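Quick notes on the structure that follows.
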There are 2 protein chains.
Amino acid sequence: MDNPRLHPKFISSFKLLGKPWTWLIICVVLTGKRRFSDISATIPRISDKMLVARLKELETAGIMERHVYPETPLRVEYELTEKGRDLKTVIDQVQQWANTWLEDLRFVR
Amino acid sequence: MDNPRLHPKFISSFKLLGKPWTWLIICVVLTGKRRFSDISATIPRISDKMLVARLKELETAGIMERHVYPETPLRVEYELTEKGRDLKTVIDQVQQWANTWLEDLRFVR
DNA sequence: CCGCATCCCGCACGATACTG
DNA sequence: CAGTATCGTGCGGGATGCGG
């Protein structure tokens with residue numbers, strides 16, 4: 001049996017989606033615009049530095065949009081593009097798989 | 001609007017599936033039993049060390065099975081469990097998303 | 001205060017060589 | 001062939017600083 005080829009697009013998508021936190025960030029913003037501090041508070045133990053880095057990557061990839069409102073205090077909101085919202089189908093599948101196969105190990109490392 | 005809660009099972013699954021190479025490894029073994037060297041050759045630039053580490057993790061998680069045939073030369077084959085094969089739906093969704101939205105950027109970093 | 005940059009440090013990761 | 005051992009390096013985590 002021949003080995004399968006890994007499609008370049010598939011490899012590319014995991015260079016982005018395979019990184020830590022990325023999925024959780026998308027999952028949080030999936031339900032609507034979120035402020036930086038909202039995302040930070042919703043995802044346990046993510047550092048500001050990582051959150052900034054991942055958000056920038058997602059923005060560059062055309063998955064996330066960044067809106068700045070120059071108020072005081074400064075307000076920045078993040079929103080998924082259509083490309084990003086299309087990832088909901090993927091996330092739904094992961095959720096379903098997790099519900100089927102994973103015990104509720106709340107504190108796994 | 002309230003922030004969504006991140007379901008513990010979803011967070012748990014990300015701890016495994018969010019690691020580098022994991023998805024590509026699953027993708028390779030998805031089509032049938034594979035030897036260590038097959039997986040290594042199919043995935044570009046993965047180190048033996050990482051491949052061993054990820055395979056062990058997947059085995060511990062009940063996603064991958066390891067079969068040893070004590071021949072000479074030694075033959076070891078890896079195979080997905082039902083739990084692992086169920087991830088095909090997720091991978092199919094990612095493939096579809098990639099086909100829709102990604103340019104064929106073969107050499108993106 | 002909020003969003004983000006900078007600094008330092010430890011650990012995961014990468015490359016290479018070696019073993020049963 | 002299927003892994004181990006070893007050594008460097010770069011990325012991620014945590015604390016702190018800083019502009020607006």
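The chains referred to below are lettered A, B, ... by the order of the sequence lines, with proteins before strands, and numbering in each begins at 1. Bear in mind the structure is a predicted one, so any value in this text is a computation, not a measurement.
The nearest whole Å value for the distance from the CD atom in Glu77(A) to the C1' atom in dG3(C) is 13 Å. For the pair Met50(B) CE and dG3(D) C1', the interatomic distance rounds to 13 Å; values are reported in whole Å. Atom-to-atom, OH of Tyr69(A) to P of dG3(C) comes out at 13 Å; the value is rounded to the nearest Å. Atoms CZ (Arg34(B)) and P (dC1(D)) sit 16 Å apart, rounded to a whole Å. With rounding to whole Å, Glu71(B) atom CD is found 14 Å from dG3(D) atom P. Atom CD in Glu57(B) sits roughly 10 Å away from atom P in dA12(C) (whole-Å rounding). Spacing between atom CZ of Phe36(A) and atom C1' of dC1(C) amounts to 14 Å, rounded to whole angstrom units. Atom P of nucleotide dG3(D) and atom NE2 of His67(B) are separated by 13 Å, given to the nearest angstrom.
Across dC1(D), dA2(D), dA5(C), the shortest atom-to-atom separation from the side chain of Pro73(B) is found for dC1(D). For Lys56(A), the side-chain atoms get nearest to dA5(C) when compared with the rest of dA5(C), dG14(C), dG12(D). Here dC4(C) is the nucleotide among dT4(D), dC4(C), dG3(C) with the atom lying nearest to any side-chain atom of Asp48(A). Taking only side-chain atoms of Val76(A), from C-beta outward, the nucleotide of dA2(D), dG3(C), dG14(C) with the closest atom is dG3(C). The side chain of Pro20(B) lies closest to dC13(C) when the candidates are dC4(C), dC13(C), dG14(C).
Here Arg35(B) lies in heavy-atom contact (under 4.0 Å) with sugar-phosphate atoms only. Here Pro70(A) lies out of heavy-atom contact (under 4.0 Å) with every strand. Here Tyr78(B) lies in heavy-atom contact (under 4.0 Å) with sugar-phosphate atoms only. Within the 4.0 angstrom heavy-atom criterion, no nucleotide atom of any strand lies near Lys19(B).
Ring geometry, Tyr78(B) versus Phe36(B): the interplanar angle falls from 30° to 60°, so the pair is classed tilted.
Checking side-chain atoms of Arg34(A) against main-chain N and O of Val29(A) turns up no donor-acceptor pair under 3.5 Å.
Between Ser37(B) and Lys49(B), the residue whose closest nucleotide on DNA chain D is further toward the 5' end is Ser37(B). Residues Leu74(A) and Arg45(A) each lie close to DNA chain D; by heavy-atom proximity, the contact nearer the 5' end of the strand is made by Arg45(A).
Between Trp21(A) and dG13(D), a side-chain N or O to OP1/OP2 separation shorter than 4.0 Å is present.
With Glu57(A) as reference, Lys19(A) is the one residue of Lys15(A), Arg66(A), Lys19(A) to meet the salt bridge (Lys or Arg N to Asp or Glu O under 4.0 Å) rule.
When all heavy atoms of Ser12(B) and Leu102(A) are compared, the closest pair comes out as CB-CD2, 3.9 Å.
Hydrophobic cluster membership is shared by Leu80(A) and Val68(A), with clusters built from Ile, Leu, Val, Met, Phe, Trp and Tyr side chains linked at under 4.5 angstrom.
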